[in-house]
Amino acid sequence: MISEDTIAAISTPPGRGGIGIVRLSGERAVEIARGLIHSGDHPLKLEPQRAVLAEFIDPDKGVVLDQVVCTYFRKHHSYTAEDVVELACHGSPVVVARLLECCLGKGARAAEPGEFTMRAFLNGRIDLTQAEAVRDLIESRTLFQARVAAQQMEGSVALRIQPYKQKLVDLIALLEAGIDFAEDDVSVLGWEEIGNHIDASVKDLEGLCEGFTVGRLIHEGLSLAIVGRPNVGKSSLFNRLLNQDRAIVTASPGTTRDLVAESAEIEGVPLRFVDTAGIRTAREEVESIGVQKSLGAIADSDLTLVVLDGSEALTSEDGELFQKVAPLGRMLVAVNKADLPEKFGESEVRELWSANGAGPESRKAFSVVRTSALKGRGIEDLKKQILSTAVPLLELEGADQFITNLRHQQLIRDSLDALRKARAAAGRKIPHEMVLIDLYNALHALDGITGQTATEDILGLIFGRFCIGK
Ligand code: GDP
């Protein structure tokens with residue numbers, strides 16, 4: 001799959017900027033750069049790991065188009081592990097585009113999305129999890145996400161998987177030895193022992209899978225649905241959580257615009273808001289599509305924030321809302337307008353909750369926070385409660401421990417399935433060879449995480465999601 005072509009792409013974002021970079025990678029990178037970049041009357045001298053200031057001369061017209069800083073990274077010491085030349089010119093889109101065009105004119109091929117990183121992988125410089133982490137880092141929206149991606153870029157996922165793989169390899173080796181010695185009628189490992197070994201591996205991998213809940217939140221963010229009667233202050237709270245004026249706040253009930261999905265962050269975990277406009281539409285239309293859609297969206301979100309107006313008595317409408325969201329997973333309650341005289345307390349909220357379809361068990365299961373969106377009070381507490389309600393055991397400090405990537409989780413699941421099959425086979429005392437097939441499958445799945453066993457289609461899927469120039 002390793003290509004002979006020299007590839008080129010613009011590696012800086014589109015648009016105007018201070019600088020724009022064209023990157024070349026491959027055998028002919030230096031030669032192509034030399035054909036376009038000149039240093040006075042002398043041919044361009046590129047020394048590894050050194051930046052040189054030179055001129056980009058349009059090969060068609062022979063005129064100087066820009067000054068360029070050229071940096072040469074020698075094979076095995078570059079991002080792709082091939083010869084790489086980076087040409088940094090001023091960030092005029094036309095100049096950068098012309099520079100790329102000239103590189104292509106000199107024989108480079110336009111890089112596919114992610115092709116530089118794919119080459120780094122194919123050349124064995126990084127494993128697949130590290131390549132994926134590059135994309136995660138580029139796409140990170142919070143510094144916390146970036147930190148987790150940076151750790152994974154260093155190879156933390158492979159390091160984490162390694163001991164589990166080693167245990168499987170050890171067990172496989174023991175079983176293989178058992179087969180070799182079978183004729184001597186020596187049972188190297190008893191069935192019970194085999195079963196115990198497999199059980200231990202199953203437990204390990206289940207632990208890894210559990211960490212994915214937290215990992216997914218770090219990666220994709222926490223989705224929050226905000227519901228409540230008209231005029232209780234949902235939009236105002238939403239704005240406070242966003243720290244900016246996005247949703248439109250109005251004084252007359254029912255006129256608030258839809259809560260559009262926007263992003264904020266809590267301690268580095270991105271927060272996504274789920275549109276719940278439909279749930280407020282006409283109360284008679286309980287079966288209407290809008291209501292159903294909203295309820296679906298709420299059910300899919302990580303948690304629901306029910307907003308009540310603390311300055312007015314609780315109403316039957318509040319109770320109906322509880323009925324609707326009660327079956328839909330985790331929730332918490334904000335009693336808003338805490339700057340005004342309080343008309344009810346936390347116990348009334350819990351009573352209303354239990355009177356509306358929730359059993360006494362779940363009465364304690366949600367927190368109630370008093371807020372004033374108007375004065376900005378209770379917002380930090382609300383944020384804290386949002387985070388801890390979504391992830392009760394969240395220990396963000398151990399972020400490198402988590403599996404954040406769905407593909408990795410799927411492969412761990414595949415490995416678990418194979419291990420469970422092996423366990424069942426061992427229980428039935430089926431010949432070792434059969435158990436081994438399942439154990440090899442389990443190992444194979446784990447190898448897929450780092451890319452040792454990735455197929456071309458899978459690589460296409462992974463790298464296709466990169467931006468061009470990376
Ligand atoms: P929504 O319909 O639930 O989205 O409510 P809005 O956010 O549009 O707010 C409705 C009205 O209540 C607006 O006039 C807000 O200024 C007011 N409001 C919102 N939060 C508070 C609060 O904490 N205290 C007070 N006193 N008024 C608030």
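By convention here, the first residue in the shown sequence is residue 1. Order of appearance sets the numbers: ligands from 1, and atoms from 1 within every ligand.
Of the candidates Leu237, Asn239, Asn231, it is Asn231 that places a heavy atom closest to atom 10 (C) of ligand 1. With Asp309, Asp339, Asn336 as candidates, the residue nearest to atom 26 (N) of ligand 1 on a non-hydrogen basis is Asp339. Nearest to atom 4 (O) of ligand 1 by heavy-atom distance, out of Ser235, Gly310, Ser236, is Ser235. Nearest residue to atom 1 (P) of ligand 1 from Lys234, Arg229, Arg240, Arg377 is Lys234 (criterion: closest heavy atom).
Using a cutoff of 4.0 Å between basic side-chain nitrogens and carboxylate oxygens, Asp309 and Arg229 are not scored as salt-bridged. One finds no salt bridge joining Arg141 and Glu265 here, because no Lys/Arg side-chain nitrogen approaches an Asp/Glu carboxylate oxygen to under 4.0 Å. Using a 4.0 Å cut-off between a side-chain N of Lys or Arg and a carboxylate O of Asp or Glu, Lys375 and Asp339 do not qualify as a salt bridge. Looking at Lys384 and Glu380, no side-chain N of the basic residue comes within less than 4.0 Å of a carboxylate O on the acidic one, giving no salt bridge.
In terms of polar-atom proximity, defined here as any N/O pair under 3.5 Å, Gly233 does make such a contact with ligand 1. Between Val232 and ligand 1, at least one N/O pair is under 3.5 Å apart. An N or O contact shorter than 3.5 Å links Ala373 to ligand 1 by distance.
Enclosure of atom CD1 in Ile138 by more than 12 non-hydrogen atoms of other residues, nucleotides or ligands within 6.0 angstrom is indicated.
At a 4.0 Å heavy-atom cut-off, ligand 1 does not touch Lys375 at all. With a heavy-atom cut-off of 4.0 Å, Leu374 touches ligand 1 through backbone and side chain alike. Looking at Leu340 against ligand 1, only its side chain comes within 4.0 Å, counting heavy atoms.
Heavy-atom contacts of Ser372 reach the following atoms of ligand 1: 23 (O) (cutoff under 4.0 Å).
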- Message: If you apply the rule side chain to side chain contact (heavy atoms under 4.5 Å, CB included), what do you find for Phe121 with Phe463, and how did you get there?
- Response: CA-CA 10 Å; Phe121 166 69; Phe463 289 100; 4.0 Å; yes
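For the pair Arg330 and Phe366, the cation-pi criterion (under 6.0 Å, within 45° of the ring axis) is not fulfilled.
Remark: the Thr117 side chain and the Tyr79 side chain contain an N/O donor-acceptor pair separated by less than 3.5 Å.
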